[in-house]
Amino acid sequence: MTNQPTAPLDLEERRRVRDAWTATRRRIAALEAEAAELLVAQIAFHDEDVAAAPHHRDAIHRSMVAEFATAAHLSTGTMEFAFADALALSTALPRVREAFHTGALSSAHVREVARASAVVAEAIRNRVVAPETMALFETAVLVVAEAETAARTRGHARRVASALVGETITERHRRAADERCVTVRSVDDGLAVLTAILPEWAAVAIADRLSQLTRTVIQARDAGPARDAGTARDAETARDAASGSDEATPRLAPAHHEVLTADRFATDRPCGETRSDTKISSVDGDTFALDPEAESLPADTRTWSQVQADLLTDLLLTADPSAVEGDGLIGVRGRLQVTVAATTLAGLDDRPAELDGHGALHPDIARALAGRDGGWTRLFLDPHGQVIETDAYSPTESMRRLLRARDQHCRFPGCRQPVHRCDIDHTWDHAKGGPTRVDNLAHLCRGHHVLKHPDIPEPQRWTVRQRPGGVLEWRSPLGAVHADRAPRRVAFA
């Protein structure tokens with residue numbers, strides 16, 4: 001059956017709805033900007049009150065936050081952030097403030113920029129960098145913020161702040177590491193929130209390793225018969241996978257000597273007769289117990305998230321810390337992609353490294369990881385920070401390494417799915433003559449990969465072509481064009 005093309009009038013109406021929604025979002029952003037200005041006015045009242053009663057500074061501040069939080073039905077933490085963001089806009093980020101008022105930036109974008117700017121503001125207060133550094137930060141961040149999502153803006157803003165502040169980032173990381181902790185908060189109904197404040201590299205590695213173990217458990221479950229929904233077997237399977245490679249898969253078939261065949265058993269019962277006892281004996285004299293409940297065990301129907309939670313519980317409650325196993329750096333099995341200067345790796349300087357997709361990484365951690373991993377590749381960057389070449393020898397692997405370093409995440413506009421969870425896609429379909437070259441390849445997650453697939457009806461199908469510099473130009477079914485540019489590396493100088 002052929003898909004009927006969308007009528008011209010219908011297309012116009014669809015575009016009108018999309019454009020009206022976009023315009024409404026811009027008006028909402030402008031109203032959020034007005035609300036931020038009102039908070040700035042309140043901060044002025046606050047300062048007057050503090051000047052009149054300096055000994056009650058903390059009480060005055062708490063009272064102000066509580067007043068606005070209760071009026072807007074917001075949490076105290078959310079209101080604290082709102083005041084902090086408003087203050088940053090009014091004192092340090094005039095261009096971001098202007099873009100917010102025009103609707104070019106959403107409140108989510110402003111929040112990420114304001115929080116990343118705190119690193120630069122602290123360095124200016126401590127006279128580590130010049131006051132003009134904030135203007136450089138604002139200019140560099142706005143280029144991305146006005147064209148990308150808030151999530152992508154967060155990563156870029158943090159990298160820019162790290163680059164501008166330079167080596168003070170290592171000091172910040174050293175101080176912040178002292179704040180690591182674990183807390184528990186009840187959420188009723190027999191559940192609780194377990195929060196761990198950890199170094200970022202450790203948290204990312206833990207999350208990735210937990211995902212790998214969860215995938216192993218689910219693959220084993222789907223490949224085998226229905227099993228008890230308990231989690232003891234999960235922990236054993238996960239530990240087996242943890243002790244091997246990242247792609248470890250549990251053995252599903254028994255070895256030859258483990259197979260129990262009919263000729264290995266002695267029986268005097270007619271075929272089909274129900275066995276009343278609970279044991280069977282082999283001709284060799286061995287005894288095997290029967291489990292009368294084996295066929296009534298419930299199927300494991302847990303979701304991915306539920307398996308992850310159960311695995312985390314089992315691994316923490318059944319594992320013991322051991323000096324033999326080493327510290328967290330030695331035990332890292334999660335996948336981390338780190339960019340570090342050769343001079344830093346050699347110990348000639350202490351410039352921060354970069355934990356790709358997240359932000360700055362302490363140089364000592366980068367050096368420690370490098371000493372325990374053989375999968376490092378040298379990257380050559382152009383003057384703008386764009387990866388253009390690697391020095392790997394194998395052509396195929398070289399292309400994969402280059403694409404992983406270039407893309408870092410799914411290349412659909414706004415998507416942050418990391419490359420190890422994505423497929424390498426031919427922008428110009430290989431079946432239609434598309435070459436297997438770096439300028440015709442890009443990482444796409446499964447959810448966005450299918451949007452360009454020929455099986456998708458034409459009225460809902462997206463198209464994409466790759467421009468020079470790894471820019472992917474996407475066209476929506478309604479004709480909107482969105483350019484997704486490869487993330488730039490920030491040079492730490």
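These numbers come from the heavy atoms of this one structure, side chains and all, not from hydrogens, waters or symmetry mates. Since the structure is predicted, the reported quantities are computational estimates derived from the model, not experimental observations.
- When every heavy atom of Leu93 is checked against every heavy atom of Ser117, the shortest pair comes out as CD1-OG, 3.9 Å.
- Here the side chain of Asp407 pairs no donor or acceptor atom with the backbone of Ala442 at under 3.5 angstrom.
- Of the charged side-chain nitrogens involved, at least one lies within less than 4.0 Å of a carboxylate oxygen, so that Arg467 and Glu473 count as a salt-bridged pair.
- Looking at Thr139 and Val141, their side chains never come closer than 4.5 Å, going by heavy atoms from C-beta outward.
- Distance CD1/Ile197 to OG1/Thr183: 6.5 Å, rounded to 0.5 Å.
- In this structure, Glu146 places its CD atom where more than 12 heavy-atom neighbours from other residues, nucleotides or ligands lie under 6.0 Å away.
- Between the side chain of Trp304 and the main chain of Arg215, no donor-acceptor pair closer than 3.5 Å is present.
- Side-chain N or O atoms of Asp300 include one that pairs as donor or acceptor with a backbone N or O of Arg302 at under 3.5 Å.
- In this structure, Ile124 and Pro131 approach most closely via the heavy-atom pair CD1-O, 3.8 Å.
- At a cut-off of 3.5 Å, with distance as the only test, no side-chain donor of Asp350 or His362 sits close to an acceptor on the other residue.
- Scanning all heavy atoms of the two residues, the minimum distance from Ala29 to Phe100 falls at O-CE1, 3.3 Å.
- Taking a cutoff of 4.0 Å between a charged side-chain nitrogen and a carboxylate oxygen, Arg461 and Glu458 do not qualify as a salt bridge.
- Using a distance-only test at 3.5 Å, with no hydrogens or angles considered, a donor-acceptor pair links the side chain of Glu138 to the main chain of Val96.
- Taking NE2 from His109 and CG from Leu142, the interatomic distance works out to 10.5 Å, rounded to the nearest 0.5 Å.
- The environment of CZ in Arg446 is sparse: at most 12 heavy-atom neighbours from other residues, nucleotides or ligands sit within 6.0 Å.
- Residue Thr427 comes nearest to Gln466 through the heavy atom pair OG1-NE2, 3.0 Å, listed as atom of the first residue, atom of the second, then distance.
- Looking only at distances, a side-chain donor or acceptor of Arg411 sits under 3.5 Å from a matching main-chain atom of Asp484.
- Distance alone, capped at 3.5 Å, is enough to place a donor-acceptor pair between the Asn440 side chain and the Trp428 backbone.
- Checked by atom type and distance alone, the side chain of Glu13 never pairs as donor or acceptor with a backbone atom of Asp10 at under 3.5 Å.
- His448 and Trp474 get closest at one heavy-atom pair: O-CH2, 4.4 Å.
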Query - Check against side-chain hydrogen bond (donor to acceptor under 3.5 Å, both in side chains), His101 and Glu34 - result: CA-CA 7 Å; His101 276 282; Glu34 290 183 21; over 6 Å; no

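- No donor-acceptor distance shorter than 3.5 angstrom exists from the side chain of Thr78 to the backbone of Leu74, with no hydrogens or angles considered.
- Nearest heavy-atom pair across Ala157 and Ala116 is CB-CB, 3.6 Å.
- The pair Asp19-Arg16 does not meet the salt-bridge criterion, since no charged nitrogen lies less than 4.0 angstrom from a carboxylate oxygen.
- Atom CZ of Arg115 is surrounded by more than 12 heavy atoms from other residues, nucleotides or ligands within 6.0 Å.
- In this structure a side-chain-to-backbone donor-acceptor pair under 3.5 Å is missing from Arg97 to Ala33.
- The closest donor-acceptor contact from the side chain of Arg152 to the backbone of Cys415 lies under 3.5 Å.
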